[in-house]
Trainee: 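Provided herewith is a single structure, encoded as structure tokens, for subsequent inquiry.
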Amino acid sequence: MSSALTPSSVRRLRSALDEQLSALGEPAFTGTDEEAVATAARAVLRTRVPLRPAVKAAVRCSLAVLADRVPGRSLEVRVPPYGAVQVIEGPTHTRGTPPGVVETDPLTWLRLAVGETDWDGAVHDHGVRASGVRSDLSPHLPLWSDDGTGPGPSAPE
């Protein structure tokens, strides 16, 4: 199975990340592709007014990481206006509304992805709307460990 994190999306991510880091007065990023996704998400969240290309790239690429780690088609994770992916094994979804939907705004999604916000709190505070029996993403978030040194709970062994 091919990765949802494509070479063109990684190029856009790295360009947007370096622009965001420059705006923060920091040097260009030199790590791996997946580290670039985590770094972009954290850089966006560290600034009061993040650059739109950085938000877009961080959201799309972090959704791609989620799709790679939790493949399936029974839950659609939507982060308008930047992207949506289908994840989690279960009934195959092909048309119309999937059996489960999670929707949130870009900054809430990035906070969940890096562990700045926990799933239950985001749902309780209405930052996340979730429906369907497979809509609990808490076993798969954050995507990266709290200290940033490695993948979070849903990473492949």
Side-chain angles (χ1 to χ4, degrees), residues 1-88 93 98 100-119 121-123 125 127-130 135 137-157:
M1 182 172 110
S2 65
S3 172
L5 199 56
T6 66
S8 62
S9 66
V10 169
R11 278 192 303 277
R12 287 189 296 273
L13 171 77
R14 285 181 175 273
S15 174
L17 171 57
D18 286 345
E19 188 178 346
Q20 184 68 69
L21 290 174
S22 177
L24 289 166
E26 298 176 15
F29 183 78
T30 60
T32 68
D33 292 346
E34 190 166 323
E35 289 169 341
V37 181
T39 300
R42 289 184 176 102
V44 163
L45 294 172
R46 285 197 334 260
T47 185
R48 196 169 61 80
V49 182
L51 300 174
R52 183 176 170 88
V55 176
K56 180 179 179 179
V59 167
R60 286 185 175 182
C61 289
S62 60
L63 286 171
V65 169
L66 177 69
D68 285 345
R69 291 189 187 168
V70 192
R73 297 183 56 87
S74 68
L75 177 70
E76 186 165 285
V77 180
R78 301 174 181 165
V79 184
Y82 299 121
V85 293
Q86 291 185 358
V87 296
I88 301 184
H93 165 69
V101 175
V102 168
E103 188 167 326
T104 189
D105 65 275
L107 295 180
T108 299
W109 168 250
L110 294 176
R111 286 183 192 104
L112 286 164
V114 301
E116 284 188 14
T117 298
D118 69 72
W119 177 259
V123 171
D125 295 340
V128 170
R129 290 160 304 287
S135 65
L137 288 177
S138 61
H140 311 292
L141 296 170
L143 294 174
W144 300 280
S145 62
D146 290 339
D147 63 3
T149 61
S154 64
E157 305 267 334

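As the structure is a computational prediction, the values presented were derived from the model and not from experiment. The figures here come from the full heavy-atom set of this structure, side chains too, leaving out hydrogens, waters and symmetry mates.
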Trainee: Looking at side-chain heavy atoms only, is the closest gap between Arg52 and Tyr82 below 4.5 Å?
Mentor: yes
Trainee: Which heavy-atom pair separates Leu13 from Ala58 by the least distance, and what is that distance?
Mentor: CD1-N, 4.0 Å
Trainee: Can you tell me if Thr47 uses its side chain to pair, donor with acceptor, with the backbone of Val44 under 3.5 Å?
Mentor: no
Trainee: Without swapping roles, check the side chain of Asp125 against the backbone of Gly127 for a donor-acceptor pair under 3.5 Å.
Mentor: no
Trainee: Do you know which two heavy atoms are closest between Leu51 and Gln20, and how far apart they sit?
Mentor: N-OE1, 2.8 Å
Trainee: Does the side chain of Trp144 come within less than 4.5 Å of Val65's, by heavy atoms?
Mentor: yes
Trainee: Using 0.5 Å steps for rounding, measure from the CD atom of Glu26 to the CG atom of Asp18.
Mentor: 11.0 Å
Trainee: Would you give the length of the straight line joining atom OG1 of Thr104 to atom CZ of Arg129, rounded to the nearest 0.5 angstrom?
Mentor: 6.5 Å
Trainee: State, with a plain yes or no, whether a side-chain heavy atom of Arg14 is found less than 4.5 Å away from one of Asp33.
Mentor: yes
Trainee: Any donor and acceptor pair, going by atom type alone, linking the side chain of Arg12 with main-chain N or O of Lys56 inside 3.5 Å?
Mentor: no
Trainee: About how many Å separate CD of Glu103 and CZ of Arg78, when rounded to the nearest 0.5 Å?
Mentor: 6.0 Å
Trainee: Heavy atoms only: give me the nearest Ala41-Leu110 pair and the separation to one decimal.
Mentor: CB-CD2, 3.8 Å
Trainee: So, the side chain of Thr108 versus the backbone of Asp105: is there a donor-acceptor pair under 3.5 Å, distance only?
Mentor: no
Trainee: So, taking the atom named CD in Glu116 and the one named CG in Leu45, what distance separates them when rounded to the nearest 0.5 Å?
Mentor: 4.5 Å
Trainee: To the nearest 0.5 angstrom, please state how far the CD atom of Glu34 sits from the OG atom of Ser62.
Mentor: 10.5 Å
Trainee: Could you check Phe29 against Glu35 for side chain to side chain contact (heavy atoms under 4.5 Å, CB included), going step by step and ending with a plain yes or no?
Mentor: CA-CA 9 Å; Phe29 183 78; Glu35 289 169 341; 3.7 Å; yes
Trainee: With rounding to the nearest 0.5 Å, note down the distance linking CG in Leu21 to OG1 in Thr39.
Mentor: 7.5 Å
Trainee: Does some side-chain heavy atom of Pro106 sit less than 4.5 Å from a side-chain heavy atom of Val79?
Mentor: yes
Trainee: Look only at the side chain of Ser9 and the backbone of Cys61, and say whether a donor-acceptor pair between them is shorter than 3.5 Å.
Mentor: no
Trainee: Hey, are the side chains of Leu137 and Ile88 touching, using non-hydrogen atoms and a 4.5 Å cut-off?
Mentor: yes
Trainee: Looking only at non-hydrogen atoms, find the nearest pair between Gly115 and Pro142 and report the distance.
Mentor: N-CB, 3.4 Å
Trainee: Is any side-chain heavy atom of Leu141 closer than 4.5 Å to a side-chain heavy atom of Trp109?
Mentor: yes
